[in-house]
Amino acid sequence: MASGPKGSEDPSSLQCCVCGHQAQLFELPGITAKYCLECSADVATSILLTTEIDAATLAGQDACGLIAECSQLSTRLLERAQSA
Ligand SMILES: [Zn+2]
């Protein structure tokens, strides 16, 4: 409780770091950024997809479908970030 009102806690950190929405924020394991419910779901899915793509590639499988899904998701996240 030593930090004053002008400490490291910036009010902007209460916004979703993707869409800038001020809402209840969620942290994903291993990621310091905070996201609103909608974005955290998409980010979590994209992390999952990336992992699956890596696994499929390593196993010599066709990851085209996963890659397409992943890029669609990234586009959606980008669009949301730009419309903020
Ligand atoms: Zn968001």
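Just so we're clear, the structure is a prediction, and the values are computed from it rather than from any experiment. Whatever order the structure lists them in is the order used to number ligands and atoms, beginning at 1.
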Exercise. Hey, is the Zn ion (ligand 1) within less than 2.8 Å of some N/O/S atom on His21?
Worked result: no

Exercise. Are Val18 and Ile47 grouped together when hydrophobic residues (ILVMFWY) are joined by side-chain heavy atoms under 4.5 angstrom apart?
Worked result: yes

Problem set entry | Whether Cys39 has an N, O or S atom under 2.8 Å from the Zn ion (ligand 1) | yes

Exercise. Any side-chain heavy-atom pair from Cys36 and Gln24 closer than 4.5 angstrom?
Worked result: no

Exercise. Can you give me the SG-the Zn ion (ligand 1)-SG angle for Cys36 and Cys19, to 10°?
Worked result: 110°

Problem set entry | Exceeds 12 heavy-atom contacts within 6.0 angstrom, atom CD of Glu38 | no

Exercise. Is there a side-chain contact between Asp42 and Arg76 (heavy atoms, below 4.5 Å)?
Worked result: yes

